[in-house]
Structure formats: C-alpha cells, structure tokens
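Presented below is the structure to which this report refers.
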Amino acid sequence: MKDLSLICLVGATGTGKTAAALALATALGGGVVNFDSRQVYAGLGVVTAQPTPAERAVCPHALYGYLAIDTPVRAGAFAGEILARARAYREQGLAPILVGGTGLYLKSLVDGLAPIPDIDPGIREGVINECRALGSQVLHGRLQLVDPDYAAKIHPNDPQRICRALEVFTATGRTLTWWHGQTRRPAGLRVLKIGLAADLPALTPRLARRIELMLDAGALEEVRLAFEQCPDRRAPGFSGIGCPELLGVLLDGLGLEQARREWLHSTRAYAKRQLTWFHKDGEIAWHEAGDVAGIVARAAAFLESDS
RNA sequence: GCCGGGGUAGCUCAGUCGGUAGAGCAGGGGACUGAAAAUCCCCGUGUCGGCAGUUCAACUCUGUCCCCCGGCA
C-alpha cells in the first residue's frame with residue numbers, strides 16, 4: 001500500500017498559516033485538516049481565528065469548529081481523527097494539508113504516542129483532588145518512589161505532569177517511563193513540515209492588529225453567546241487565549257483596554273512557546289510567510305517524489 | 001517662597017545597627033508523550049539624583065544643589 005503523504009503547515013499564531021494553506025490547496029488540489037487544539041470549538045470561530053466561511057468555501061476543510069465548548073480534546077483521539085480525514089481526502093484525490101499551531105498534536109501524529117489506554121475519570125479526578133489538597137510537591141515525592149526517572153524529568157511544581165504520571169500508574173500499574181518506551185513511529189506516513197518563519201518583534205504588531213480585527217468581527221459578542229450556551233469559565237473551549245480576557249470584560253467589569261493588553265500579552269507569550277517548540281524540530285523547512293511560490297514549489301516537489 | 005514626603009533595575013517599590021543592593025511586574029531563554037492557546041523551569045551591575053564632607057568603609061550619617069508629589073502662601 002502506498003504511503004500517505006502529509007503536507008504540514010506549522011508556525012506561531014498569526015504567521016499566516018490559514019492564507020498559506022488556501023494557496024497550497026488551490027495550487028495542488030488539496031483539502032485542509034486542522035490540527036490546532038482550540039480551533040476545534042464551535043461558537044468560538046472568531047477568537048480562535050478559525051478560517052472564515054468564505055475561506056472554507058475555497059476548498060474542503062475538516063475538524064474546524066465541530067466540538068462543544070465543554071468537550072475536552074484528547075491528543076491521541078484527535079491525532080487519529082486527523083489521519084482519518086487525511087486518508088479520506090486522499091481517496092478523493094485531494095492532497096491532505098495539515099494546518100495548526102499545536103506542536104504536541106502534530107508530534108503525536110507524526111512520531112506516535114505511547115499506547116496508554118484511556119484513564120478512568122474517577123481515578124483522574126481522585127489524583128487531581130489529592131494534588132489540590134496536598135500540593136504538587138507531595139505528589140511529586142510519591143512519583144519519585146514509583147517512577148524516579150520520570151520524576152527527575154519534571155519539576156515538583158508541575159501539577160499537570162505529576163498528576164498525569166500518577167493517574168497512569170494508578171490505572172495501569174505501569175509507569176509512564178515504561179509506556180513511553182512503547183512508543184512507535186507510525187508506519188506508512190510521508191511527512192513534509194513547512195514552517196512559516198517569524199520572530200517575535202516582527203510578529204507583535206501583527207498580533208495586536210489581529211486582536212483589533214477579532215473585536216471588529218464581533219469577538220466579544222461571540223464569547224457572550226458562547227458563555228450563555230456554556231456558563232462554565234473553566235470549560236476547555238474557554239482556555240483559548242482571548243476568552244478569559246473577554247469573559248473578564250463581560251463578567252468582572254474588566255476594562256476593554258486592560259483586556260486588550262492582557263490578551264496581547266498572553267498571545268505573545270504563547271507565540272514564544274510555539275517558536276521554542278518548532279525551532280527545536282529539525283524536520284521543519286522554514287519559509288517566509290510571503291513566499292507562497294516557494295512553499296507551493298516545495299510541496300509540489302514533495303508530492304511529485306511520492307510516485 | 002515656606003513646611004512635609006520622595007528620587008534605588010524598563011515600571012512599581014523594599015533595603016535592619018554604616019560593610020557597594022533585591023522582590024513583583026515587564027523583558028529574555030528553555031522544557032514539553034492524551035489539560036498543550038495547557039503546565040512548568042531558568043535569567044537581576046544598577047553612575048542607589050549630582051557634588052562635597054565624616055569614616056578603614058556611605059544607598060545608609062552630615063551639608064549643599066537639582067528634580068518630582070502633596071499642603072500653605
């Protein structure tokens with residue numbers, strides 16, 4: 001069976017991935033699949049910068065705005081979903097173009113993920129509650145006893161990773177270190193990663209402008225309606241940058257100016273984390289965002305070498 | 001002009017009994033295996049407003065000048 005060829009567009013938030021994806025899809029006859037963790041939520045299309053209806057009309061789009069705000073995304077399941085959509089596109093004769101900013105999700109898909117079974121929610125909650133009650137340092141101490149290797153890799157102040165390691169051990173009787181050793185890179189994939197280059201100083205004014213465009217496009221009203229549907233600020237969908245700030249305006253009387261500032265600050269910090277992640281990935285071919293011709297040429301050559 | 005209160009990191013400020021200084025925020029760097037737009041880690045030399053004096057030693061005490069903020073004229 002022929003390998004599945006995936007063109008993956010990565011880059012920090014606001015670097016122009018959406019536009020580049022449309023250009024690629026048009027030039028190559030492709031379909032777009034989202035691998036961004038926040039653009040999956042319905043009713044938050046503006047704040048999460050999902051492609052607009054007009055943009056989606058240009059070519060097929062998958063996995064945008066299809067989840068309720070209170071539904072969590074799971075990396076493993078989501079990666080499987082992305083692959084299924086990519087295969088479906090190929091069967092239709094379309095080149096799958098994966099677009100997103102969530103480095104972990106792309107990595108899960110390309111490099112594989114440890115085959116850990118789903119963890120019983122009760123166990124998970126128990127660990128989290130204990131962590132809240134005792135503090136992450138205490139649980140880190142426990143983790144040192146069962147999985148010293150992993151405990152050494154993570155910091156005692158990192159509740160999220162400590163809880164994950166403990167819930168996996170409690171539920172499966174195996175350590176996370178052992179599970180990680182079971183990771184296999186999926187066979188049958190050919191992957192081209194194209195990165196849209198950006199540095200923070202150049203990106204910052206664009207991010208500020210984008211916030212204004214989102215506000216003009218009705219971001220505040222969008223979040224107001226979304227909160228009416230799902231009145232829980234801690235719902236996974238509301239962790240998207242911009243939501244806490246706008247909910248602050250709507251619910252806490254936060255000034256719009258202050259909200260803008262905080263929104264930009266979080267966006268910038270996020271972009272920086274993304275750059276750190278992607279720069280470390282040696283498989284990425286970097287292009288200037290405006291270099292549409294170069295991007296298309298590279299992708300075309302990649303598909304060419306497929307046959 | 002007089003009386004208070006101040007001038008210390010980009011910003012807001014702390015600094016004990018004289019021993020040349022440290023927090024928060026901002027900023028920078030990094031980690032990352034099912035919460036990832038999440039979670040977490042690391043990074044602080046700056047004419048201590050200027051000048052002079054006392055002292056082995058001054059951000060710290062004294063004098064003087066400059067600037068800012070209140071109050072009174």
Side-chain angles (χ1 to χ4, degrees), chain A residues 10-14 17 34-41 44 47-50 69-82 100-121 123-125 127-128 131 136-137 140 147 149-150 152-165 167-168 171-172 174-186 199-201 204 207 210-211 214 234-246 261-281:
Chain A
V10 311
T13 186
K17 295 189 291 291
N34 169 238
F35 70 83
D36 191 284
S37 75
R38 296 302 101 173
Q39 295 188 341
V40 298
Y41 288 107
L44 293 174
V47 260
T48 61
Q50 294 172 31
I69 289 166
D70 58 1
T71 308
V73 190
R74 322 294 325 288
F78 192 50
E81 195 68 30
I82 294 165
T102 309
L104 174 65
Y105 288 4
L106 184 63
K107 181 180 160 65
S108 309
L109 189 150
V110 171
D111 300 336
L113 207 56
I116 302 169
D118 285 343
I119 306 302
D120 174 64
I123 292 178
R124 185 182 171 79
E125 257 176 69
V127 173
I128 290 172
C131 188
S136 64
Q137 289 85 357
H140 186 262
D147 189 355
D149 290 335
Y150 191 65
K153 276 190 222 165
I154 61 179
H155 196 276
N157 293 346
D158 193 342
Q160 214 170 85
R161 293 195 171 80
I162 294 165
C163 287
R164 171 64 181 163
E167 77 180 20
V168 168
T172 68
R174 301 275 196 179
T175 65
L176 206 46
T177 299
W178 183 87
W179 281 112
H180 288 173
Q182 305 302 113
T183 306
R184 297 293 175 266
R185 195 172 171 111
D199 63 289
L200 218 43
T204 303
L207 296 177
R210 197 168 71 148
I211 286 171
M214 286 177 176
R234 291 168 314 169
F238 288 134
S239 71
I241 291 164
C243 294
E245 292 81 1
L246 293 177
R261 255 195 301 279
E262 290 175 14
W263 188 353
L264 178 61
H265 184 252
S266 317
T267 309
R268 240 180 74 94
Y270 170 52
K272 206 158 67 182
R273 274 177 268 139
Q274 288 177 303
L275 291 175
T276 299
W277 179 288
F278 291 129
H279 283 329
K280 203 182 56 167
D281 185 341

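A, B, ... follow the sequence lines: proteins, then strands. Residue 1 opens every chain. All of these numbers come straight from a predicted model, not from anything done at the bench. Heavy-atom basis, side chains included; hydrogens, waters and symmetry copies ignored.
When the side-chain nitrogen and oxygen atoms of Arg164(A) are compared with OP1 and OP2 of G34(B), one or more of them lie within a distance under 4.0 Å. For Tyr105(A), a side-chain nitrogen or oxygen approaches OP1 or OP2 of A36(B) to under 4.0 Å. Taking only side-chain nitrogens and oxygens, Lys153(A) never comes nearer than 4.0 Å to OP1 or OP2 of A31(B). For G27(B), one of the phosphate oxygens OP1 or OP2 lies less than 4.0 angstrom from a side-chain nitrogen or oxygen of Arg268(A).
Judged by distance alone, with hydrogens and angles left aside, Thr183(A) brings a side-chain donor or acceptor within reach of the base of U33(B), the pair sitting under 3.5 Å.
The C1' atoms of G4(B) and A23(B) are separated by 29 Å, rounded to the nearest whole Å.
In this model, a donor atom of one side chain and an acceptor atom of the other lie less than 3.5 Å apart for Thr13(A) and Arg210(A).
In this structure, Arg161(A) atom CZ and A36(B) atom P are separated by 11 Å, rounded to whole Å.
A heavy-atom distance below 4.5 Å is found between the side chains of Phe78(A) and Val40(A). Using a 4.5 Å cut-off on side-chain heavy atoms (C-beta onward), Asp111(A) and Thr183(A) make no contact.
Nearest-nucleotide mapping onto RNA chain B: of Arg273(A) and Trp179(A), the residue sitting toward the 5' end is Trp179(A).
Side-chain N or O atoms of Arg38(A) include one that pairs as donor or acceptor with a backbone N or O of Pro236(A) at under 3.5 Å.
Annotated as syn: G34(B), whose glycosidic dihedral is within 90° of 0.
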